[in-house]
Amino acid sequence: MSSWKTSFQRGVSSFRGGQLQDALQHFSQAVQQGCNDPNVYDSRAAVHEKLGNTKEALLDSKKVIDLSPQRWQGYFRAARLFLNLRKFDRAKAMAAMALERVKPDDSKRLAELKALQEKIESALQAFVEHQTRQASKHFYHFGKLPVEIAMMIFSITLQDVPAKVVYLAQVCKDWRDTILNMPSLWRNLILTNRNPMRKAKVWKSRCEGRLARLHLQGSAVHLALDILQDIDWDHLRGLTLEDVDLDVIREKLLSPNPTIFRDLESLSVEGATRSPTNIDWLWQHSEMRLQNLTVRSHRISWPTMSINTSCLRSLLFDGPIYLGDDISLLFLLQSNPCLESVDLTTWIPTLFLPDEDEVPDVPSSVEMPRLNTISIRGDGFPVAAFCSKLIMPNLQKLSLSRCREPLDLVFRVFSSSRVVQSLTELRIQRCVVALQNIIDILKLATNLELLELIAIGGANMRMVAEALAEPQGEREQKEGKDTQGGLLCPSLKHLNLSEAPDLQAGPLVRLIKARNTDADGESESERQVARIHTLILDACPLLDGDILPWIRSKVPHVSCVYMSKKEASWKR
């Protein structure tokens with residue numbers, strides 16, 4: 001036997017025994033001894049492939065193809081090696097050439113080659129998808145957007161906080177160039193005591209002399225108003241005056257521009273302290289288009305406002321209440337039938353002065369067809385006299401808090417007028433009302449989803465919980481009373497009975513069992529009553545802590561916080 005054949009046989013034995021380095025040495029010796037057999041090169045390529053020497057394995061596979069171009073082995077191995085190197089085009093070509101050289105009756109080899117082709121296609125597709133994802137991470141999509149779409153995106157982003165335009169302009173050069181060339185993004189100006197003059201100059205140059213909204217906050221902002229004197233104030237739609245000298249603002253704004261407030265849609269005036277100041281000059285212009293009004297810590301002459309405003313949609317007032325103001329407020333509501341939200345927080349000033357204007361006759365009724373939210377907080381406001389005059393067929397949210405007078409008359413008025421039938425939220429906090437009046441309201445509140453009764457004087461919260469847990473009696477139905485014949489408030493989802501000194505676990509357990517327990521075979525769509533999702537029982541001293549784990553297992557959101565750790569230590 002020739003010397004190279006001996007080395008080849010030794011290499012084959014070493015390869016079969018797993019001794020790859022010895023096999024590689026013997027195959028290399030056979031080549032050095034002048035062997036030109038393709039089997040030797042193919043065997044050494046197999047060893048290189050096992051050892052991970054892909055480049056050397058490819059060189060030997062190429063030698064096999066050169067020596068025996070009609071054999072499929074060299075192409076097959078080359079296809080696998082190119083696949084490992086992620087050279088998919090060459091791998092596909094080698095696999096196709098190998099498939100051409102396999103005999104048609106060699107089903108095993110044909111199956112192996114087709115499986116390799118599928119593997120190459122799958123790897124190629126995965127590689128392309130990966131490259132696409134990687135390129136997408138670094139691709140600058142904004143540069144391809146039309147300017148109109150970019151402007152729309154920025155406008156939506158700045159809708160809630162217009163001042164963020166500065167931060168957006170600092171993201172990159174392209175964003176900055178785009179934003180600086182969009183005057184509409186600079187038409188909301190907020191001036192504070194921090195560099196007001198410098199900021200006013202910048203905004204003036206970028207908004208092209210048109211401001212849509214102006215927010216003045218602080219005692220020094222009036223210094224910047226001189227810079228804005230030549231602004232086209234006819235485009236101003238929103239104005240906020242917070243902790244400013246109103247006399248100076250009046251001189252700077254109203255004197256040179258007497259109609260500046262006529263076209264305002266939103267106006268907010270907030271004072272730093274409770275020092276009532278007459279601000280009637282803000283709405284002295286007739287036929288104002290004001291829709292949203294917020295006033296805090298200032299006095300309002302309601303008759304003047306009722307004459308000049310007729311488009312109000314929301315009213316928020318937190319200030320002093322004087323003699324006759326409740327009647328004047330009714331005339332304001334009568335002049336603004338489009339009102340949707342009224343939020344009143346009233347307090348009695350230290351020096352109680354009657355209104356200088358003559359108190360007009362009380363209107364018999366005021367119809368408010370669009371009013372859906374009303375909230376009244378504070379002492380001194382005659383809630384019963386005020387609410388009894390309102391016709392609110394679409395009232396959805398009612399909140400009464402810290403009212404000095406008992407609410408029994410209010411509840412009786414609401415029960416008789418069927419106002420509560422459209423209610424979805426009812427909040428009563430720190431007020432006095434009889435238990436029976438509460439029950440009467442709940443009987444009619446078929447759409448009520450949120451009920452909040454906190455620190456109610458004159459009512460037994462244990463009995464309220466019992467009423468919400470038990471169906472209405474058959475006796476009431478036989479007597480012809482208006483009753484739904486099932487549980488009260490079937491739509492109730494959120495219940496807050498905090499600060500109830502008499503509330504115990506028993507009624508709550510029955511309430512939860514009645515509303516959060518499924519009947520046999522009953523689907524969610526077939527339920528007669530809604531589930532309780534939120535239950536707040538803060539500061540209820542008689543509520544046994546041992547029942548809380550069971551309550552939390554039935555109700556998704558439960559709060560039961562005692563007023564102090566010391567008071568709760570004996571139960572917890």
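Both backbone and side-chain heavy atoms feed into the values below; hydrogens, waters and symmetry mates do not. One is the number of the first residue; the rest follow in order along the sequence.
Each of Ile428, Asn496, Leu495 was scored for a side chain to side chain contact (heavy atoms under 4.5 Å, CB included) with Glu452, with one residue passing: Asn496. Exactly one residue among Leu508, Ile532, Leu442 makes a side chain to side chain contact (heavy atoms under 4.5 Å, CB included) with Leu468. That residue is Leu442. For the ring pair (Phe, Tyr, Trp, His ring centres under 6.0 Å) test with Phe381, the passing option among Phe317, Trp347, Phe386 is Phe386; the others fail.
Counting non-hydrogen atoms of neighbouring residues, nucleotides and ligands closer than 6.0 angstrom, the CZ atom of Arg206 exceeds 12 such neighbours. Heavy-atom contacts from other residues, nucleotides or ligands closer than 6.0 Å to CZ of Arg552 number more than 12.
The two atoms that bring Leu542 and Leu503 nearest to each other are CB-O, 3.5 Å, heavy atoms only. Considering every non-hydrogen atom in both Met368 and Leu333, the closest pair reads SD-O, 3.4 Å. Of all non-hydrogen atoms in Leu426 and Leu448, the two that sit nearest each other are N-CD1, 3.7 Å. What you find for Leu371 and Met392 is that their closest heavy atoms are CD2-SD, 3.5 Å.
A salt bridge does not link Glu287 to Arg262: none of the charged nitrogens lies less than 4.0 Å from a carboxylate oxygen. Ionic pairing of Asp343 and Arg377 is present here: one or more N-O contacts between side-chain nitrogen and carboxylate oxygen are shorter than 4.0 angstrom.
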**OP:** Any chance you could lay out the side-chain hydrogen bond (donor to acceptor under 3.5 Å, both in side chains) test for Asp538 and Ser559, step after step, and finish with the verdict?
**Re:** CA-CA 6 Å; Asp538 296 340; Ser559 175; 2.8 Å; yes
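A donor-acceptor contact shorter than 3.5 Å is absent between the side chain of Asn437 and the backbone of Phe411.
In this view, Asn193 and Ser219, Ala220, Val221 satisfy the side chain to side chain contact (heavy atoms under 4.5 Å, CB included) rule, not counting sequence neighbours.
Residue pairs meeting the side chain to side chain donor-acceptor pair (under 3.5 Å) criterion with at least one member in residues 331-342, sequence neighbours excluded, are Arg313-Glu340.
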